[in-house]
Amino acid sequence: MEHTRDEPEDALWSRLRLIEGQPLDTRADAYGAVHDELVKRLESAPRGDAATGTR
């Protein structure tokens with residue numbers, strides 16, 4: 001599967017690289033924000049077979 005630069009994974013990697021260049025206290029807050037955002041996305045995703053652990 002070929003990925004393009006516009007895919008969400010690339011945006012996340014770019015964001016993580018940016019966070020890594022920040023001072024430690026700022027980095028911790030930024031990682032916390034990423035975590036909170038990802039939790040919200042997961043919780044708002046439609047529940048199907050993945051919710052039961054099957055594919």
Side-chain angles (χ1 to χ4, degrees):
M1 176 181 212
E2 187 175 309
H3 296 283
T4 64
R5 296 193 69 86
D6 294 332
E7 292 185 12
E9 295 86 7
D10 290 331
L12 178 59
W13 281 117
S14 294
R15 188 171 174 188
L16 294 176
R17 282 193 298 269
L18 180 66
I19 291 170
E20 277 298 310
Q22 298 176 355
L24 186 58
D25 58 335
T26 306
R27 199 179 326 161
D29 291 339
Y31 277 128
V34 169
H35 173 268
D36 293 344
E37 181 182 324
L38 292 174
V39 166
K40 285 179 187 177
R41 285 186 187 187
L42 286 171
E43 288 175 347
S44 68
R47 295 192 180 252
D49 290 341
T52 60
T54 61
R55 291 182 182 236

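Every heavy atom of this structure was used, including side-chain atoms; hydrogens, water molecules and symmetry mates were not.
In this structure, Arg15 and Glu37 approach most closely via the heavy-atom pair NH1-OE1, 2.7 Å.
Atom CG in Leu42 sits 9.0 Å away from atom CZ in Arg47 (nearest 0.5 Å). With rounding to the nearest 0.5 angstrom, the CD atom of Glu43 is 11.0 Å from the CG atom of Leu38.
Tyr31 pairs with exactly one of Thr26, Leu16, Asp36 by the side-chain contact (heavy atoms from CB on, under 4.5 Å) rule, that one being Leu16.
Leu18 and Leu12 fall into different hydrophobic clusters, where Ile, Leu, Val, Met, Phe, Trp and Tyr side chains are chained together by heavy-atom contacts under 4.5 Å. Hydrophobic clustering places Trp13 together with Val34 (ILVMFWY residues linked when any side-chain heavy atoms are closer than 4.5 Å, directly or through intermediates).
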